[in-house]
Every structure is written in structure tokens, then in C-alpha cells.
There are 2 protein chains.
Amino acid sequence: MPAELTDILGDLVSVNHRLTRVAARAARGTESPAVWRTLSVLLSTGPIRLGDLADLSRVSQPTMTKLVGNLADRGWIKRQSDPADARVSRTVITPAGEAALVAWRTELAAALLPYFADLPASDVDTLERAVAILRDRVAATEQLDAPQHLGAPKRTVATGQVAR
Amino acid sequence: MPAELTDILGDLVSVNHRLTRVAARAARGTESPAVWRTLSVLLSTGPIRLGDLADLSRVSQPTMTKLVGNLADRGWIKRQSDPADARVSRTVITPAGEAALVAWRTELAAALLPYFADLPASDVDTLERAVAILRDRVAATEQLDAPQHLGAPKRTVATGQVAR
DNA sequence: ATTATATACATAGCCAAGCTATATATCTAG
DNA sequence: CTAGATATATAGCTTGGCTATGTATATAAT
């Protein structure tokens, strides 16, 4: 069945691309996925080096430098310098950033809800478990080239609970 | 349980954004998601007007004009004019385009496979059903503001079967 | 017929996100 | 105290996304 799993993964990525676009247009906020991805990572990690943030977000370091600049301009993150190493700058999400993230998720889910409103409970359950599986795997990929600096996992947006 | 579904949808979009990035870096092809999204839509619709293609891909018409231009330059699509209406230009995927799409999906899935290789069969099943559910819903959103021009559905990449 | 309006696509011009290559600053080893 | 490694910043490019607007064709009204 590796052939089958291969197809499922291909389909998964395809449908994800489509769903992402549907979501983007449904909740037509002006902000980009990268912003929310970054904030979401920040929320789950706490203060973190820029390079590690880039790795966890799966973007290059220069890209993350840009993103962090934008986010800082909006007041959604702040940067603090490391007393022990003048090269590093740690990034932290601000309360405003958390609020913006929560607001976006709410708006987004509200926009998508109509399309999923009539889902049978069993399908809802399937989706929930699929999301859990995917989150596990994505987290696993982060462990592979895991940097040593990161602390313990923290909260997730939806639940406020410790992730994993 | 609307609150629960709301959270699931939020989590779903979040994990999708992350997975998309993992996939993008794992299968480090130089092409962008938009290219594959477009080809995938084209494959499933057959010859289609540019405006309808834009709607189905959930991008604006000018964005699609650009994408189609790029794809035509690569020889992955071709455009044909409508004898009945000189304004419209129909877009069709070429054999080269289909081949490129299949190659990408193969490469992508191969790159992701290691992360998912040890999934228990029940999880594989869950993912498969989740993908099916999502594909249904994404298709449903397309019906809402459905244009009248589109013909019957065609093949999907993975299976070569008629999609829904 | 002619003129007006609607439709399909193209163009212009902007900004964000992504990349590689490279520079700068700091730290660590010898 | 210099040599190399490391953390981030800068430069410069491409693509994808948008809105606003232009152009050509088609349809409707007078």
C-alpha cells in the first residue's frame, strides 16, 4: 500500500492548496498566510531566535527577517536582545499579536463554517482526527533538524492547552 | 458543537499552512503552488474559459491571466479561441503539462513519504477519508457561484478516474 | 442602424513572500 | 589576538496576489 499512501499524500497537498485559497478568499482579511503561520509558531514556542523561527516556519532566514520586521511594525511581536550573545535577537509575540491571531482564526472559521455546517458528526470526527495526525507529523518533521535552543512546547491557539 | 467545529477548521487551516511549507521544502522543485493548482484544475475540467478557471482556482482574473501566460511559455497549457465568441480564450492542459503535474505529485509524495511511512493503517484510512471529505466541500464551494459554461467533470491526477 | 451597456480578457502598477548571495557583527578556538 | 564559525541583516531578483482600468467584442435598446 505505499502506492496508496503516496496517492493520498498527493491528494492531500492538492486539496490543501485549494482549501487554502478558499479560506483566503472567504475570510478576506488583508493579511497573508505567512503572518499567521509565524504568529502561530511564536505562540507555541515562546521567545525564540530568528533562525530557529525560520527553521520551524520552514522559510529561509532572510525571509523570516522580513516577516519579523513587518510583524514588529504592526506591534504584533517584539524583539529582545540576548544578554549572553549580542548577535541573537529573540522574538516574542505580544498580547496584540495573540489577539490578532485569535481574531483571524475566528473570522476564518466563521467564513468556512457555512461550507461545513451540514457535516455529519462522523465526518467532523474524521476531520478532527486527521488534523491531529497531521499536527503530529508536522511536529515530527520539526524534530528532525531540531535546533538545541528551543524550550518546552507551549500553548495552542484554539485550546490554550499545551500542544502535543 | 459549532464551537468544536470552528476550532477544528481553524486548526485545519493552520496545519495546512505548515504542511504546505514542509512539502514545498521537502520537494524542492522550483515551481510554485499556483502552477500546480492551476494545472490540477485544468486537468479536472478540460478546456475552460480564463474567467472560469480563475473562479475555480479562487484567484482574480488578472492573476490567472499571468499564470496562464507563464504556463503557456512552459508549454504546459495551450490556448484556443472560441469560434462562437471572439472574446473568450479557452485553456487546455497539454500532455507535457499533465506529465509535469504527475511528476511533481510523485516527487512530492516521495519526499513526504518518509514522514508518514510508519503511519498505522487506521491513520492512513482516516487521512484518506478526510481528504475525500475536504475534496467534497471544496467542490461544493465551487458550485455556489458556479458559472454555466463548464462541462462535465473529468479525470483526477492520482486515479485517472472521474472525480465525483 | 446606431448607440449604450455588458462581458471577456489584457495591461499597468503596486506590494508581499519567497529565494540566493553576500555583508556585518559577534563569538569561540588556538 | 587573529581565524574561523555563527546570527542576523542587506541587496536584488522572481512570482503571486491584488485593484483599477483599458480594449475588444457581443447584446440590447432606441
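This structure is a prediction, so every number in the text was calculated from the model and none was measured. To find a chain, count down the sequence lines: A is the first, B the second, and so on, and within it residues start at 1.
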What is the separation between atom [atom1] on [X] and atom [atom2] on [N], rounded to the nearest whole Å?
X     : N      : atom1 : atom2 : result
A:D85 : D:dT6  : CG    : C1'   : 8 Å
A:E31 : C:dC15 : CD    : P     : 15 Å
A:R90 : D:dT6  : CZ    : C1'   : 14 Å
A:L53 : D:dT8  : CG    : P     : 10 Å
A:R49 : D:dA9  : CZ    : C1'   : 16 Å
B:I77 : C:dC9  : CD1   : P     : 13 Å
A:R74 : C:dA16 : CZ    : C1'   : 9 Å
B:D55 : C:dA8  : CG    : C1'   : 12 Å

Scan A:S60 against the nucleic acid and name what it touches under 4.0 Å (heavy atoms): base, sugar-phosphate only, or nothing. base
If you look at every strand shown and take non-hydrogen atoms under 4.0 Å, does A:V35 touch a base, only sugar-phosphate, or nothing? sugar-phosphate
OP1, OP2 of [N] versus side-chain N and O of [X]: anything below 4.0 Å?
X     : N      : value
B:S32 : D:dT15 : no
B:T63 : D:dC18 : yes
A:R37 : C:dA16 : no
B:R79 : C:dA10 : yes
B:N70 : D:dT14 : no

Using modelled atom types only, decide if a donor and an acceptor are shared between the side chain of A:T94 and the backbone of A:G75 within a distance under 3.5 Å. yes
Please check this pair: side chain of B:T63 against backbone of B:V59, looking for a donor-acceptor N/O pair closer than 3.5 Å. no
Linking I/L/V/M/F/W/Y whenever their side-chain heavy atoms sit closer than 4.5 Å, directly or via other members, would B:I8 and A:L119 fall into one cluster? yes
For the side chain of [X], starting at C-beta, report the closest nucleotide among [options].
X     : options                : value
B:A34 : C:dA17, D:dG17, C:dC19 : D:dG17
A:K66 : D:dA9, C:dT20, D:dG12  : D:dG12
A:P62 : C:dA8, C:dC19, C:dA10  : C:dC19

Will you find, in the side chains of A:S14 and B:R105, an N or O donor that is under 3.5 Å from an N or O acceptor? yes
One thing to verify: whether B:R137 and A:D118 come together as a salt bridge, which I'm taking to mean a side-chain N less than 4.0 angstrom from a carboxylate O. yes
For B:R25 and B:T65, find the nucleotide of DNA chain C closest to each by heavy atoms; which residue's nucleotide sits nearer the 5' end? B:T65
Quiz question: going by heavy-atom distance under 3.5 Å, is there a donor-acceptor pair between the base of D:dT8 and the side chain of A:R87? no
Given the structure, check if the side chain of A:Q61 and the base of D:dA7 hold any donor-acceptor pair shorter than 3.5 Å. no
Interatomic distance, B:L9 atom CG to A:F116 atom CZ [nearest 0.5 angstrom]: 5.5 Å
